[in-house]
Amino acid sequence: MSYDTEHVRNAGNGPAMITGLPTFTDLLTNTNLADLYTAIRQSPGVTAPELIDQVAVSKKTVYEYLHRLERAGLISETENNGGASTYDAEEFELTLTIRGIEITITPKLVAVIAQSDEYPIIKRVCDEHGFVTFALAHDLINAHSDGDVTIRQIATLADLSHGTTYDLLEALYEIHNLGDDDPTPTIYTPDDVVDDDLQSELTDE
Amino acid sequence: MTRSEKLYTANIIDTVIFRSLGKSPSPQLRSLKQAVAEAGTELWVSPSIYRELTNYGEDPPRNPYLDTGIEEGWIRVATSLPNNRNTAFDSVTDPVEQAQHLADEYLNQQSKYPSTNNWRDASLVALAVRLFEQNTRIRVITHTADKALAQACARIPPEFGYYDIESRYYNPPQKAKQQFPTVESLSWSTK
């Protein structure tokens with residue numbers, strides 16, 4: 001099963017029809033569903049009893065969610081040698097362009113949604129500003145870790161307050177283990193950064 | 001006495017650093033107060049950064065991160081900086097305003113999303129140049145969690161002849177919780 005429209009593309013396989021868009025949407029807003037999908041993605045070939053031990057919903061809900069995810073093409077079911085059902089997650093990639101910025105929605109983002117119980121700021125941003133804003137901020141915060149954007153720019157581009165942006169930034173840096181490993185701050189001096197005639201270069205432009 | 005022994009060190013702090021320490025009272029702010037005293041320095045913020053941290057939902061508005069330190073005298077808020085972003089650079093003669101314009105352009109040039117940077121980012125650089133303009137025996141340390149801004153802080157003041165500046169970049173930002181409120185962090189390095 002795979003997705004392919006102008007926006008949704010299965011990351012690994014060829015084009016096919018979207019059959020489970022409502023479930024796909026639920027995946028981005030339902031923490032428990034996101035948690036189950038992420039658990040399957042992290043443990044290919046996992047069985048239902050193993051999943052019941054891992055996630056925070058009832059046995060009945062696990063089977064209901066497995067059925068929904070499979071119907072939507074987000075997971076596939078096979079049988080192992082012992083005859084038990086095992087599950088594998090399908091990769092996907094959804095690309096949106098918001099305010100001139102391309103946002104990519106992938107299983108990595110779903111894995112973040114799955115942790116929103118542990119990081120209430122994620123749920124707050126999704127609830128108060130919508131999932132697309134959250135996805136935009138998520139991409140911008142990844143760009144921040146590369147030095148491509150400042151925190152105030154993230155706040156402006158995602159239309160979030162500086163305080164909310166900082167709280168989200170701290171959570172996502174922790175979840176994705178972003179940043180360098182050196183415990184001390186990097187120190188820049190003029191010797192590190194002064195090279196050419198900056199005034200001419202910038203004012204000419 | 002060497003030249004460095006005569007110099008006073010000022011620290012300019014970005015909003016994100018105070019956010020990482022939490023609202024007063026917090027153990028990190030207590031450590032910071034002690035480190036400021038031991039390092040013999042003062043912390044400076046621009047007015048726009050003060051406003052960014054102020055809670056305007058209270059009556060009267062209160063700044064839960066800075067007000068205690070300001071009242072105790074170890075945090076200082078600068079007087080207003082130039083705020084004419086649309087003025088052409090060629091028509092600006094004030095070095096502080098020139099520095100803010102240069103920082104603004106530099107940040108746009110460095111960003112993945114040009115022309116979307118925030119004028120408040122450039123206020124750190126402008127404040128550094130103002131402290132140099134107003135004090136002949138000073139050196140400045142800036143603290144931020146934005147890479148391009150950290151580089152701008154070390155890059156722009158030399159354009160005005162000020163080389164006694166160090167810029168400290170905290171990545172990940174939460175590194176500041178432990179690393180910022182220390183004597184070492186607030187003191188001139190031997191780098």
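Chain letters run A, B, ... following the sequence lines, proteins first and then strands; every chain starts at 1.
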[options]: which one forms the most heavy-atom pairs within less than 4.5 Å of chain A?
{"options": "B:Leu107, B:Asn118, B:Asn171, B:Asp14", "value": "B:Asn171"}
{"options": "B:Gln174, B:Lys147, B:Arg168, B:Gln110", "value": "B:Gln174"}
{"options": "B:Ala150, B:Pro157, B:Pro172", "value": "B:Pro172"}
{"options": "B:Ile165, B:Asp121, B:Leu149", "value": "B:Asp121"}

Exercise for the section: Examine distances only and state if a side-chain atom of B:Arg130 and a backbone atom of B:Thr79 form a donor-acceptor pair shorter than 3.5 Å. Expected result: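 Indeed, once roles are kept as given, a pair shorter than 3.5 Å links the two residues.
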Practice task
Measure from the side-chain N and O atoms of B:Ser185 to the backbone N and O of B:Phe180, and report whether any donor-acceptor pair falls under 3.5 Å.
Solution key: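 Yes.
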Exercise for the section: Of all the heavy-atom pairs spanning B:Val45 and B:Ile13, show the shortest one and how long it is. Expected result: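 Taking every non-hydrogen atom into account, CG1-O, 3.7 Å.
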Handout entry: Residue pair A:Thr106 / A:Glu93: nearest heavy atoms and the distance that separates them
Key =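 Smallest interatomic distance, heavy atoms only, reads CG2-CG, 4.3 Å.
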Does a side-chain N-to-carboxylate-O contact under 4.0 Å join [X] and [Y]?
{"X": "B:Arg139", "Y": "B:Glu166", "value": "no"}
{"X": "B:Arg62", "Y": "B:Glu71", "value": "yes"}
{"X": "A:Asp182", "Y": "B:Lys175", "value": "no"}
{"X": "A:Arg68", "Y": "A:Asp26", "value": "yes"}

Exercise for the section: Would you check if A:Tyr188 and B:Arg155 make a side-chain contact, meaning some heavy-atom pair closer than 4.5 Å? Expected result: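 When only atoms from C-beta onward are counted, B:Arg155 and A:Tyr188 do not touch, as no gap falls below 4.5 Å.
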Exercise for the section: Measure the shortest side-chain to side-chain distance between B:Val16 and B:Asp146 over non-hydrogen atoms and say whether it is less than 4.5 angstrom. Expected result: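 No. Closest side-chain heavy atoms not under 4.5 Å.
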Exercise for the section: Report, as yes or no, whether the 6.0 Å neighbourhood of atom CD on B:Gln178 holds more than 12 heavy atoms from other residues, nucleotides or ligands. Expected result: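 No, not enclosed.
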So for [X], is it side chain, backbone, both, or neither that comes closer than 4.5 Å to the heavy atoms of chain A?
{"X": "B:Gln179", "result": "side chain"}
{"X": "B:Thr144", "result": "neither"}
{"X": "B:Ser20", "result": "both"}

Practice task
Measure the CG-OH distance between A:Leu168 and A:Tyr173 for me, rounded to the nearest 0.5 Å.
Solution key: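 The OH atom of A:Tyr173 is 12.0 Å from CG of A:Leu168, to the nearest 0.5 Å.
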Problem - B:Phe132 ring center within less than 6.0 Å of B:Tyr162 ring center - result: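 Yes, ring centres under 6.0 Å apart.
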Practice task
Taking heavy atoms only and a threshold strictly under 4.5 Å, list by residue number the residues of residues 150-167 of chain A that touch chain B; give 'none' if the list is empty.
Solution key: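 Checking residues 150-167 of chain A against chain B gives A:Thr150, A:Ile151, A:Arg152, A:Gln153, A:Thr156, A:Leu157, A:His162, A:Gly163, A:Tyr166.
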Exercise for the section: Spell out the residues in residues 110-134 of chain A that have some non-hydrogen atom less than 4.5 Å away from a non-hydrogen atom of chain B, in order of number; otherwise answer 'none'. Expected result: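 The stretch does not come within 4.5 Å of chain B.
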